Amino acid sequence: MKASGNTGNNTGHNTGDDTPDDTGCDVLHVDMDAFYASVAIRDRPDLRDQPVIVGGGYRGVVLSASYQARRFGVHSAMPMTRARRLCPQATVLSPDFSAFSGVSAAVMEVFRSVTPLVEVLSMDEAFLDVSGAARRLGTPVRIAEYLRARIADEQLITCSVGVATTKHVAKIASRHAKPDGVVVVPAGEVTAFLHPLDVAELWGVGEKTATALRRLGLNSVGDLAHTPLHTLRRGLGPLTGAHLHALAWGDDDRVVVPRRGPDEPDRSIGADETFARDVDDPAVVLREVLRLSAKVAARLRTAKVAGRTVTLKVRFADFTTITRSRTLRDATDVTNQIFTTASELYAGLGLERARIRLVGVRLEGLVPIERTSRQLVLGERERGWSEADRAVDQAVQRYGQAAVRPASLIEVGH
């Protein structure tokens, strides 16, 4: 098992120059660190490195606690009265679920910019199958570090990533990567990683099952793995016994199944880009808006949907973020129409050399493409931008992403 991260608190060996062997480790489990607390305090620099509890009232429960508060024994689902007794110096913040949902949706879109195979488990965690992203983004470990960097830069929160050959091992690995790290479990070291662990660490083992395992004298995953299968079936039931025995040996045939989270707006497709340096040139911003419009339009066509509402997002150097939207008469998946609308929204801001950190384009109000109809404007050609987009799709599918691009996106000298 190999670990890396900014904190130095991860289990395993720090990678340093020793690149972990992530061959075949195409499953990532990404888990936000103290998600609700991190979102609640990200705009409160005075609370950084302080114990913070997110929860409601004296009779409510803890939704999340910062790592500083956890050192005092505070944890999620704990009654607030007990949390206040354990850590009386903590700052208690009320939950802002709209903020949580917004950050969660943005994070999941970052995941989907890497791979369409994203299985959302909750607002703050998801599985990714990155087997198809290696050619574009590199090894699984490089993809994990890329995701951590983007989320930290765009959302100002941290996450931990488990990298493994299966969902089960990746989920356990991400827990061992916390906070703010990456743990890789190479294919040949799965049992060496699993067997020393407490049985309660197996994914799906709750309090009742853990108690039943301990009654059988099974305290570690290794104990469970080396117990005869018929004994486990008799003590735990035929299905549970067989399932846990397989997990103890690292056997898990569950694949990543694309699934959106219950709190995500499930009828929108978008893309964001954070500039390497803050930008104040409108021409540079609009070139990026064009690139994002093309990217979003291609995703719409791949999903066989079209959208009516174009939304432009702009984040300034001071992290202030604004959005502007316009609803079209007809749903569209055409790059030029999306870009024209987004650029008009940008012009309407009247920014005049404001320093911009991030820009994003999103289409909402999606409907299946077969349910849309396009009304021709008098004098408009019967064939135009829509057909051009589909010709570009065919060229990209055959020759790659760089085959055809808008002229303004081609660098001088290329």
Side-chain angles (χ1 to χ4, degrees), residues 5-7 28 30-45 48 96-116 118 120 122-126 128 130 133 136-138 142-161 174 177 179-182 260-261 263-265 268-280 284-285 287-289 291-293 295-296 299 311-325 342 346 349 351 354-364:
N6 297 327
T7 64
L28 274 55
V30 188
D31 196 2
M32 302 300 112
D33 298 323
F35 177 65
Y36 300 106
S38 297
V39 173
I41 67 176
R42 65 178 182 164
D43 297 323
R44 292 282 305 273
R48 296 193 184 282
D96 181 351
F97 289 102
S98 63
F100 301 153
S101 295
V103 173
S104 175
V107 167
M108 299 307 165
E109 284 302 316
V110 171
F111 295 164
R112 294 189 184 99
S113 73
V114 169
T115 172
V118 177
V120 180
S122 64
M123 289 184 75
D124 60 344
E125 62 174 322
L128 287 73
V130 298
R136 180 166 54 95
L137 295 173
R142 289 191 63 182
I143 293 172
E145 295 291 5
Y146 167 77
L147 290 170
R148 291 176 60 229
R150 271 199 66 181
I151 291 167
D153 186 60
E154 295 179 11
Q155 301 302 324
L156 303 181
I157 61 176
T158 62
C159 65
S160 299
V161 187
S174 70
D180 191 20
V182 176
R260 299 187 73 87
D263 299 291
E264 287 186 88
S268 69
I269 289 177
D272 297 343
E273 181 63 32
T274 300
F275 295 108
R277 295 180 180 177
D278 296 340
V279 172
D280 64 1
V284 175
V285 175
R287 277 201 298 271
E288 189 57 37
V289 171
R291 191 183 71 81
L292 293 172
S293 297
K295 189 174 185 178
V296 170
R299 289 181 181 174
T311 298
L312 175 76
K313 177 167 71 174
V314 176
R315 177 168 296 152
F316 299 100
D318 63 358
F319 291 95
T320 301
T321 303
I322 61 175
T323 60
R324 295 292 184 271
S325 300
Y346 178 76
L349 296 174
L351 296 180
R355 292 170 59 227
I356 293 175
R357 178 183 178 85
L358 172 149
V359 67
V361 175
R362 176 171 298 277
L363 260 289
E364 300 170 344

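Keep in mind that the numbers below use all heavy atoms, side chains included, and drop hydrogens, waters and symmetry copies. All residue numbers in this chain count up from 1 along the given sequence. Nothing here was measured: the structure is a model prediction, and the numbers come from that model.
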With the threshold set at 4.0 Å, does a side-chain nitrogen-carboxylate oxygen contact exist between D318 and R357?
no
Would you please test I356 and D278 for side-chain contact (heavy atoms from CB on, under 4.5 Å) and show each step?
CA-CA 5 Å; I356 293 175; D278 296 340; over 6 Å; no
Nearest heavy-atom pair of S38 and I157: which atoms, and what distance?
CB-CG2, 3.7 Å
Write down the atom of A354, the atom of F316, and the distance for their closest heavy-atom approach.
CB-CE2, 4.0 Å
For S101, does its backbone N or O pair with a side-chain atom of S104 as donor and acceptor, under 3.5 Å?
no
In terms of heavy-atom contacts, does CZ of R355 have more than 12 from other residues, nucleotides or ligands at under 6.0 Å?
no
Any side-chain heavy-atom pair from L147 and L128 closer than 4.5 angstrom?
yes
Which residues satisfy the ring pair (Phe, Tyr, Trp, His ring centres under 6.0 Å) test with F35, sequence neighbours excluded?
none
Is there a side-chain hydrogen bond (donor to acceptor under 3.5 Å, both in side chains) between S174 and D31 once you walk through the steps?
CA-CA 7 Å; S174 70; D31 196 2; 4.8 Å; no
What closest approach, in Å, do F275 and V279 show between heavy atoms, and which atom pair accounts for it?
CG-CG2, 3.5 Å
OH/Y146 to CD1/I151 distance, rounded to the nearest 0.5 angstrom?
10.0 Å
Quick check on side-chain contact (heavy atoms from CB on, under 4.5 Å): which of R362, R112, K295, R299 does I269 satisfy it with?
R299
About how many Å separate CD of E288 and CG of L358, when rounded to the nearest 0.5 Å?
9.0 Å
Between D33 and D180, what is the shortest heavy-atom contact and its length?
OD2-N, 2.8 Å
Is it the case that the side chains of T274 and R315 hold a donor-acceptor pair, with the cut-off being a distance below 3.5 Å and no angle test?
no
side-chain contact (heavy atoms from CB on, under 4.5 Å) between V120 and F111, worked out:
CA-CA 10 Å; V120 180; F111 295 164; over 6 Å; no
Check whether any side-chain heavy atom of L312 sits under 4.5 Å from a side-chain heavy atom of T323, and report yes or no.
no
Show your reasoning for whether side-chain hydrogen bond (donor to acceptor under 3.5 Å, both in side chains) applies to R148 and S160.
CA-CA 7 Å; R148 291 176 60 229; S160 299; over 6 Å; no
Does the side chain of I143 come within less than 4.5 Å of V114's, by heavy atoms?
yes
Return the minimal non-hydrogen interatomic distance between S113 and R150, and the atom names on each side.
OG-NH1, 3.2 Å
Looking at every non-hydrogen atom in both residues, tell me the closest pair between A342 and V289 and how far apart they are.
CB-CG1, 3.7 Å
Separation between CG (D272) and CG (L292), nearest 0.5 Å, reads 7.5 Å
Run through M123, M32, R42, M108 and flag the one making a side-chain contact (heavy atoms from CB on, under 4.5 Å) with V103.
R42
Is it true that E145 and R142 have a side-chain N and a carboxylate O under 4.0 angstrom from each other?
no
